[in-house]
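Heads up, the thing below is written out as structure tokens.
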Amino acid sequence: MRILISCVLLVILSLGLVFALEQAPFGSNQIDNADKPGRFYLNQGMEKTGAANVVTSVVVTYRGFDTLGEVTILFIAAIGLGAVFHSRKKVKRYEKEKQSASLILQTGCRFLFPLIVLFGTYVFIHGHLSPGGGFQGGVIIASAFLLLFLGCEEKKIPMKSMNTVESLAGIIFVGIGLAGLYWGESFLENFLPRGMDYMLLSGGVIPIIYIAIGFKVGAELAGIVAGLIERNP
Amino acid sequence: MEESLEQILELSLTLLMLGGAVCACVFKDLLNAVIAAAFVSLMAAILFYFLQAPDVAMAEASIGAALTTAIFVIAIKKTKRVEEE
């Protein structure tokens with residue numbers, strides 16, 4: 001009986017969704033409407049901001065304030081998780097007698113770790129030229145730390161310097177925004193020379209902001225993973 | 001012909017995502033459910049790539065498929081399972 005009722009409800013719900021979304025022009029090219037901001041971003045984003053990647057020009061310059069909000073949300077989430085993990089007395093990580101990882105695994109982790117960090121750094125440094133950016137690069141770096149935590153547990157990660165890096169990156173982000181307010185006209189405005197388009201050193205403050213975001217996200221997520229792993233049940 | 005091939009690919013990816021999502025809901029074992037959710041994220045990343053959004057695809061693949069899965073697996077490993085009959 002319950003299954004029947006749920007099936008009927010599901011059918012009604014899906015029919016309602018179908019009828020509600022019937023009019024929506026999925027897949028049609030809405031950017032062609034001249035007064036839409038999307039068209040403006042696509043056509044003028046490159047020459048106004050100097051970022052070859054249109055997504056980056058939207059994320060960092062036009063919607064830079066939103067990005068600051070996202071970073072803040074991630075920061076608050078990391079703080080909350082840290083508060084939960086710190087509430088109990090800290091237990092030593094190697095209390096249980098665990099069999100340490102084999103030599104092959106440890107060597108593989110130590111070999112792969114710098115390469116993954118290099119790839120993440122590449123992704124967020126080239127955020128204004130190619131797909132990718134601060135968030136993606138930061139998460140890739142955090143996954144490199146995850147590999148290190150899983151593979152060679154003997155390695156201690158200095159959490160204190162990680163927190164320092166995270167805080168410094170946040171301060172740099174806000175500082176660049178305030179500098180744009182001071183030398184430019186608005187918060188997060190570009191106040192550096194634009195440089196040559198399609199080169200690594202172009203786009204003014206965009207690469208600096210992305211480097212800051214990359215460090216911040218990487219340190220935060222690595223801290224979350226480290227807190228999870230170190231916490232004993 | 002080319003367009004229809006692309007449409008078939010996108011449709012099959014969407015169906016795979018739906019199947020993975022249903023599996024993630026139905027599976028009793030939490031580990032299996034997490035892997036199914038990661039599968040959904042991976043298929044979503046491939047779909048984003050075919051829809052010409054490589055930025056979103058990278059974010060989805062690295063966050064959804066890799067890091068979230070790892071965090072869930074660690075959390076499942078650290079917690080105890082209590083089953084009430």
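Naming: A, B, ... by sequence-line order, numbering from 1 per chain.
The neighbour count for A:Tyr62 OH, taken as heavy atoms of other residues, nucleotides or ligands under 6.0 Å away, is above 12. Taking a 6.0 Å sphere around CG of A:Leu115, one finds it holds more than 12 heavy atoms contributed by other residues, nucleotides or ligands. Counting non-hydrogen atoms of neighbouring residues, nucleotides and ligands closer than 6.0 angstrom, the CZ atom of A:Phe215 reaches no more than 12 such neighbours. Within 6.0 Å of atom CG in A:Leu17, more than 12 heavy atoms from other residues, nucleotides or ligands are found, so the atom counts as buried in its surroundings. For A:Phe113, the CZ atom is densely surrounded, since the number of other residues' heavy atoms within 6.0 Å is greater than 12.
Both the backbone and the side chain of B:Ile63 come within contact range of chain A, each with at least one heavy atom under 4.5 Å from a heavy atom of that chain. Only the side chain of B:Leu67 has a heavy atom closer than 4.5 Å to any heavy atom of chain A. For chain B, the nearby part of A:Val123 is the side chain; its heavy atoms alone come within less than 4.5 Å.
Of the inter-residue distances, the one linking B:Ile74 atom CD1 with A:Ile224 atom CD1 reads 11.5 Å to the nearest 0.5 angstrom.
Closest approach of A:Val139 and B:Ser62 over heavy atoms only: CG1-O, 3.5 Å. Closest approach of B:Ala70 and A:Leu146 over heavy atoms only: CB-CD2, 3.2 Å.
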### Task
List the steps and the verdict of side chain to side chain contact (heavy atoms under 4.5 Å, CB included) for B:Lys78 and A:Leu228.
CA-CA 9 Å; B:Lys78 299 258 167 177; A:Leu228 261 176; 5.8 Å; no
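Using a distance-only test at 3.5 Å, with no hydrogens or angles considered, no donor-acceptor pair links the side chain of B:Asp55 to the main chain of A:Pro131.
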